[in-house]
Chemist: 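Mind having a look at this structure? Questions to follow.
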Amino acid sequence: MTNLFALVDCNNFYASCERVFDPKLEGKPIVVLSNNDGCIIARSNEAKALGIKMGEPAFKAKDTIEQHNVHVFSSNYTLYGDMSARVMQTLGQFTPNLEVYSIDEAFLDLGNFYGRDLNEYAGEMRSTVRAWTGIPVSVGVAPTKTLAKLANRLSKKSKKADGVLVLTDERHIEEALRRTEVGDVWGMGRRYAQKLAGFGIHTALDLRNVSDAFAKKHLTVVGLRTVRELRCEPCQDLELVAPNKQNICTSRSFGASVTTLSQLQEATANYASRCAAKLRRQQSCAGAVTVFVETNRFRETDAQYFNSRTIALPTATSSTLELVHYANLALQALYRPGYRYKKSGVIVSELRPQNQVQTSLLDPVDRDKHQRLMQVLDKLNSTWGRDKVTCAAQGTTRPWQLKCEKKSPCYTTQFKGLLWIETR
DNA sequence: TCTGGGGTCCTAGGACCC
DNA sequence: TCTGGGGTCCTAGGACCC
């Protein structure tokens, strides 16, 4: 075997971030809520033990939360993003080849490390991240990404593993596959698990033993890759450079129902503006913009309306002014009075690199001027904080803005450095 | 009263072309 | 008895991930 991957995953990441900055919360149940304080999207182990479920609407867990004095936080993505960067930077000490897979996970290439004591090396990663950032992590090591994921999952479940599991020995791999339900395999979701159950395939070991033809037929080529990876045949390499996004979406549920066009226009202008800023950050321009609106599907007695409208842009752009303009046109075409709107969003698509935009001879827009204006806008907003300079269309009263009543301070970005925490 | 917000990839089927 | 067939593009829908 020549390939070896580690998957490092932060335990209960958002909950752990909150706990780092408030040591009183050690050993206490914590949950973190989604945008708008709607659903529970992270739970500390203590909260999991109380039976609080992932994705559960917060109001359904209200009794449990009150009874057991669960600490509740609105999500604070500024804090989590910064803590994530610190974790990733720390992991960079352990390999030159690292893929940041998500805000709380990274794959590390350990291809040349077969000579070492892998348990010890993985344990060192774990203790270093804990010491340098305060975040507890688990480490799975195996010959393929899919098996590393599986090892990581088991490392959290077993007390003996203590957050580190190395799967290189065939007997250990087989035992691990036997203990893993097929729906817990990376790439096998609920639907596939149901379907596979119909064929008598219940564990990862069962899945590993299906034929290629079966996998391709029922799980597509993606599933076939998964099956092969369970057999220790690597089909997925590390992605060292994050590819640019092909679509960018900004959408939110409203804090309260919105009925008027002008309020929807304000919200939509803000989402379009966020999309434009995200486009510029990856130096792309969009060829099309889509706006969608939704009423509250959970209120069955309300009249329902879901619709979207896409506008092809005459020239691809990342200008806030243009995107706000076209998003507004799309919205006006969509808007129907008489509904209580719960959510809207903007998607920009047909993205291409900024420097490969075809301009038209008849283009009425002074693109150089727009670009210089956007540079100044981005500079001001990065120095003084998001949305310090906006379009008038974005409004100032923001009655539609989401709720986040229990947000913690942005400890790491507001107070420069860690000194403040350590002296507390 | 109260139910998140992002993304990716694959496939099937229709339109259209020669 | 024998009904053309292959390629490409687009879209909607379905599956998955965190």
Side-chain angles (χ1 to χ4, degrees), chain A residues 7-14 31-42 52-63 65-66 72-77 80-81 84 99-107 145-146 149 152-153 182-196 215-226 235-236 239 242-257 267 271 274-275 278 282 288 290 292 294-302 308 310 312 340 342-351 402-406:
Chain A
L7 177 71
V8 180
D9 183 312
C10 301
N11 301 345
N12 317 323
F13 183 53
Y14 298 166
V31 296
V32 178
L33 306 180
S34 61
N35 273 332
N36 225 15
D37 291 348
C39 295
I40 289 161
I41 54 168
I52 297 174
K53 297 206 182 58
M54 179 68 175
E56 190 173 18
F59 73 88
K60 284 193 181 165
K62 197 164 160 257
D63 289 349
I65 287 172
E66 281 173 3
V72 178
F73 292 90
S74 303
S75 40
N76 182 346
Y77 290 104
Y80 310 148
S84 171
E99 172 186 339
V100 177
Y101 176 68
S102 73
I103 194 165
D104 69 339
E105 284 176 57
F107 285 105
K145 280 181 157 183
T146 303
K149 269 277 204 185
N152 183 289
R153 210 182 139 274
V182 76
D184 291 327
V185 173
W186 188 39
M188 295 294 126
R190 240 193 24 238
R191 289 308 185 93
Y192 280 157
Q194 261 174 29
K195 186 169 177 176
L196 290 167
K216 175 110 191 271
K217 177 164 178 214
H218 296 288
L219 311 170
T220 83
V221 296
V222 180
L224 175 57
R225 246 186 344 241
T226 299
C235 301
Q236 304 186 65
E239 285 186 16
N244 276 347
K245 306 231 182 301
Q246 300 175 37
N247 300 285
I248 291 172
C249 173
T250 305
S251 76
R252 296 283 183 280
S253 297
F254 304 130
S257 298
Y271 305 152
R274 288 287 302 139
C275 283
K278 292 178 191 173
Q282 69 165 36
T290 302
F292 64 87
E294 296 177 2
T295 48
N296 188 342
R297 92 197 84 155
F298 296 104
R299 294 179 65 122
E300 289 171 9
T301 51
D302 277 13
S308 72
T310 301
R340 295 154 62 91
K342 181 61 182 168
K343 182 176 182 179
S344 78
V346 174
I347 303 165
V348 290
S349 54
E350 289 174 41
L351 307 195
L402 46 83
K403 288 181 287 189
C404 51
E405 290 164 351
K406 289 158 180 156

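These values consider heavy atoms only, across backbone and side chains, with no hydrogens, waters or symmetry-generated copies.
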Chemist: Who passes side chain to side chain donor-acceptor pair (under 3.5 Å) against Arg225(A), sequence neighbours left out?
Modeler: none
Chemist: Would you mind reading off the distance between Leu224(A) atom CG and dC9(B) atom P, rounded to a whole angstrom?
Modeler: 18 Å
Chemist: Considering residues at least two apart in sequence or located in another chain, which fulfil the side-chain contact (heavy atoms from CB on, under 4.5 Å) criterion with Lys53(A)?
Modeler: Glu56(A)
Chemist: So Ser75(A), base contact, sugar-phosphate only, or nothing? Heavy-atom distance under 4.0 Å.
Modeler: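 Nothing: the residue Ser75(A), judged by heavy atoms under 4.0 Å, touches no strand.
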Chemist: Using a cut-off of strictly less than 4.0 Å, decide whether Lys342(A) has a side-chain nitrogen or oxygen near OP1 or OP2 of dC2(B).
Modeler: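 Negative; the distance criterion is not met.
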Chemist: Heavy atoms only, 4.0 Å cut-off, all strands: where does Ile248(A) land among base, sugar-phosphate and nothing?
Modeler: sugar-phosphate
Chemist: Will you find, in the side chains of Asn247(A) and Ser349(A), an N or O donor that is under 3.5 Å from an N or O acceptor?
Modeler: no
Chemist: Report which part of the nucleic acid Arg299(A) touches: base, sugar-phosphate, or nothing (heavy-atom distance under 4.0 Å, all strands).
Modeler: sugar-phosphate
Chemist: Counting a pair only when it is Watson-Crick or G-U and both distances are under 3.5 Å, which runs of at least 3 such pairs involve DNA chain B?
Modeler: B:5-18 with C:5-18
Chemist: Against Arg299(A), only a single residue in Thr295(A), Asn296(A), Asp302(A) fulfils side-chain hydrogen bond (donor to acceptor under 3.5 Å, both in side chains); can you say which?
Modeler: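 Among the candidates, only Asp302(A) passes.
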Chemist: So what does Asp37(A) hit on the nucleic acid, given a heavy-atom distance under 4.0 Å: a base, only sugar-phosphate, or nothing?
Modeler: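 Asp37(A): no heavy atom of the nucleic acid under 4.0 Å.
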Chemist: Does Glu105(A) reach a base, just sugar-phosphate, or nothing at all? Heavy atoms under 4.0 Å.
Modeler: sugar-phosphate
Chemist: Just N and O in the side chain of Lys343(A): are any of them under 4.0 Å from OP1 or OP2 of dG6(B)?
Modeler: no
Chemist: Whole-Å distance between dG4(B) P and Tyr271(A) OH?
Modeler: 13 Å
Chemist: Specify the residue among Arg297(A) and Val221(A) whose closest nucleotide of DNA chain B lies further upstream toward the 5′ end.
Modeler: Arg297(A)
Chemist: With a non-hydrogen cut-off below 4.0 angstrom, is Lys195(A) in contact with a base, only sugar-phosphate, or nothing?
Modeler: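 No contact at all - Lys195(A) keeps every heavy atom at 4.0 Å or more from the nucleic acid.
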Chemist: I want to confirm an ordering. Mapping Lys278(A) and Arg340(A) to their closest nucleotides on DNA chain B, which one lands closer to the 5' end?
Modeler: Arg340(A)
Chemist: Counting any heavy atom closer than 4.0 Å, what does Lys60(A) reach on the DNA or RNA strands: base, sugar-phosphate only, or nothing?
Modeler: nothing
Chemist: For Asn247(A) and dT8(B), is the shortest distance between a side-chain N/O and OP1 or OP2 below 4.0 Å?
Modeler: yes
Chemist: Would you call the rings of Tyr101(A) and Phe107(A) parallel, tilted or perpendicular if under 30° counts as parallel and over 60° as perpendicular?
Modeler: perpendicular
Chemist: Below the 4.0 Å mark, does dT3(B) have OP1 or OP2 next to a side-chain nitrogen or oxygen of Ser253(A)?
Modeler: no
Chemist: Determine: side-chain N/O of Ser251(A) to OP1/OP2 of dG6(B), distance under 4.0 Å, yes or no.
Modeler: yes
Chemist: Using atom C1' in both nucleotides, what's the gap between dC16(B) and dG4(C) to the nearest angstrom?
Modeler: 16 Å
Chemist: To the nearest angstrom, how far is Phe292(A) atom CZ from dA12(C) atom C1'?
Modeler: 17 Å
